[in-house]
Amino acid sequence: MADAEKMVKEIEALGAKLGEARSSIAAQIIGQQEVVDLSLTALLSGGHALLMGLPGLGKTLLVDTLSTVMGLSTNRVQFTPDLMPADILGSEVLDTAKDGSRSFRFIEGPIFAQLLMADEINRASPRTQSALLQAMQERSVAIAGKDRPLPAPFHVLATQNPLEQEGTYPLPEAQLDRFLIQINVRYPDRATERDILMATTGTKDAVAHKVFTPKQLIAAQELVRKMPVGDAVVEHILDLVRACRPNEADASDLVQRTVAWGPGPRAAQALMLTVRAKALLEGRLAPSLDDVAALAEPVLTHRMALSFAARAEGQELNDVIAQTLAHVSTRKAAA
C-alpha cells in the first residue's frame, strides 16, 4: 500500500513537471500540440521518433526546443548521399607527440549526444543509415574493435520529406521498426498560422527554459515502465496488433486483402510503453483504451505495408488501421 501511495505521488509530481515542460515548449512551438505531445511521449518511453513533414514546418525548431526544455545535449546531422558512417559515429586518428611517439586517438562523432537530429535521413546511403540505426538499437558504437557506449539518455529524432523522393534511399522496413513512433507534421490551420506570423516577425522571440535534467528524464522513463496497465488495455493492444497481420485468424477481410505484412511484437511493446507515457502527460495514473486508439496510427503506420494491388486501388494505411481498430472494438463489445 505504501509503495502504491509513493508511486501515485511520484506520478502526480512528474505530471506537474511535464505540464511546465509543455508550457515552455508552447512558448516557441505555436500550435502542433499533437506533434509536441507525441515527441514527449517518445522521450518518456525512451525511444526514437521519425518526423514526417514538408520543409518549413518547424521540425528543427522542435528538436532544438526539446533539447533545451529537457536539458539534453544535442547535435544535428544533415544527411547527404556522400555522408559516411565515420561522419556520424567518429573515427580514430593517428597523433604524433613532440617526442616522436605515435598513438591513436578517438574523435567522437555527432552521435555522441543525448538528442540527435538526423535531418532527411533518407538522403544518406544504406550503409550510413545502417550505421546510425544499429547505434540506435544497441546504444553503443564499435570503432576499431572497441565498444563505446553512447550518452544516457540517448534519443534520435529523424526527419523525412514525404513527397520529395528524388535522389533518396528509402529506409528498409526492418530499419523503420527501430523508431518507436512516426509523427506526421502537418500544415497549421489558419488561426494557428496567424499566431505564428504575429509571434515570429516581431522584434522579440520567445525563449524556452530548462525544466528537466538528464537524470530526471531517466527517472521519468523508469517511472513510465512501473506504471500499472489494466488487463483490458493489454488485451486490447494484443487484439489490435494481431488483427493487423494478414495471416492471423483475427484479421479482418480488409486486412487480409490489403496488407502485405503486419506489425511484429515490437509494435505491441511500443504501444505498452507509449500509452503509459500518454497517460502520464495527461495527468492520469493509468492508461485507457482511448490511449491505445490515439496511438495506434503513430505506432503502427511504419510497421505495416500495403500490397501493390491495395496501393493501386488508392488504399491508405491510416484508413486500414482506423477500420481495424473499429473492427477490434466492435468484436470486443459483442463478445
Side-chain angles (χ1 to χ4, degrees), residues 31-42 45 47 49-54 57 160 162-163 173 176-177 179-189 229-230 232-279 281-282 284 287-335:
Q32 302 286 16
Q33 190 60 54
E34 182 183 5
V35 173
V36 171
D37 286 350
L38 286 173
S39 301
L40 286 173
T41 297
S45 302
L50 181 63
L51 299 167
M52 299 288 289
L54 296 171
L57 295 181
Q160 280 194 173
L163 297 182
E173 287 76 7
L176 281 172
D177 201 24
F179 290 97
L180 186 75
I181 55 176
Q182 176 178 306
I183 304 172
N184 293 321
V185 186
R186 300 180 175 89
Y187 285 120
D189 59 35
V229 181
V233 174
V234 175
E235 294 301 321
H236 195 50
I237 289 172
L238 288 170
D239 288 343
L240 175 60
V241 172
R242 296 180 69 84
C244 288
R245 299 171 185 162
N247 58 338
E248 291 282 347
D250 296 338
S252 66
D253 292 339
L254 175 67
V255 168
Q256 293 178 6
R257 181 170 55 83
T258 61
V259 175
W261 51 267
R266 192 176 281 141
Q269 293 172 328
L271 276 172
M272 277 287 285
L273 285 172
T274 54
V275 295
R276 289 164 165 161
K278 185 176 188 301
L281 272 173
E282 296 179 358
R284 291 181 279 113
S288 66
L289 298 182
D290 291 338
D291 295 327
V292 179
L295 288 163
E297 183 180 334
V299 169
L300 298 177
T301 300
H302 60 295
R303 292 184 166 96
M304 301 170 59
L306 292 175
S307 65
F308 177 79
R311 294 197 303 272
E313 293 173 5
Q315 294 280 356
E316 294 187 2
L317 264 177
N318 56 344
D319 292 332
V320 172
I321 293 171
Q323 292 181 51
T324 304
L325 186 63
H327 169 74
V328 169
S329 300
T330 302
R331 190 177 59 195
K332 187 180 293 290

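Ser307 places a side-chain N or O within donor-acceptor distance of the main-chain N or O of Thr258, the cut-off being under 3.5 Å. Here the side chain of His236 pairs no donor or acceptor atom with the backbone of Val292 at under 3.5 angstrom.
Applying the 6.0 Å contact sphere to CG of Asp253 captures no more than 12 heavy atoms from other residues, nucleotides or ligands. Counting non-hydrogen atoms of other residues, nucleotides and ligands closer than 6.0 Å to CD of Glu248 gives a total above 12. Few gaps surround CZ on Arg257; more than 12 heavy atoms of other groups in view lie less than 6.0 Å from it.
Within the 4.5 Å cutoff, the side chain of Leu50 has no heavy atoms near those of the Ile183 side chain. Looking only at side-chain heavy atoms (C-beta outward), Gln323 and Ser252 stay at 4.5 Å or farther from each other. Between Asp291 and Arg284 the shortest side-chain heavy-atom distance falls below 4.5 Å. Considering only heavy atoms from C-beta on, Lys278 stays 4.5 Å or farther from Thr274 through its side chain. Between Ile321 and Met304, the closest side-chain pair of non-hydrogen atoms falls below 4.5 Å. Contact check for Leu300 versus Leu240: side-chain heavy atoms found under the 4.5 Å cut-off.
Counting only N and O atoms by type, the side chains of Gln33 and Asp37 include a donor and acceptor under 3.5 Å apart.
Within the model, atoms CD of Gln160 and CG of Leu176 stand 7.0 Å from one another, a figure rounded to the nearest 0.5 Å. Between the CG atom in Leu289 and the CG atom in Leu325 there is a gap of 9.5 Å [rounded to 0.5 Å]. Note that CD of Gln269 is 11.0 Å distant from CD1 of Ile237, once rounded to the nearest 0.5 Å. Here the straight-line distance linking atom CG of Leu295 with atom CE of Met272 works out to 13.0 Å at 0.5 Å rounding. Going from atom OG1 of Thr41 over to atom CZ of Arg276 covers 13.5 Å, rounded to the nearest 0.5 Å. One finds the CZ atom of Phe179 at 12.0 Å from the CZ atom of Arg266 (value rounded to the nearest 0.5 Å).
Between Ile181 and the options Ser45, Pro298, Ser39, a side-chain contact (heavy atoms from CB on, under 4.5 Å) holds for only Pro298. Partner of Thr324 under the side-chain contact (heavy atoms from CB on, under 4.5 Å) criterion, out of Val255, Val259, Asp319: Val255 alone.
Val241 and Gly264 make their closest contact through CG1-O, 4.0 Å (heavy atoms, listed as atom of the first residue, atom of the second, distance). Here the shortest heavy-atom pairing between Gln315 and Leu254 reads NE2-CD1, 4.4 Å. For the pair Val299 and Ala267, the tightest heavy-atom approach, listed with the atom from each and the gap, is CG1-O, 3.6 Å. Heavy-atom minimum distance, Ala42 versus Ala49: CB-CB, 4.1 Å. The minimum heavy-atom distance linking Val185 with Leu51 is given by the pair CG2-CD2, 4.3 Å. Arg245 and Pro263 make their closest contact through NE-O, 2.7 Å (heavy atoms, listed as atom of the first residue, atom of the second, distance).
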After noting the C-alpha distance and the side-chain angles of Asn184 and Glu297, does the key distance pass the side chain to side chain contact (heavy atoms under 4.5 Å, CB included) rule?
CA-CA 10 Å; Asn184 293 321; Glu297 183 180 334; 3.8 Å; yes
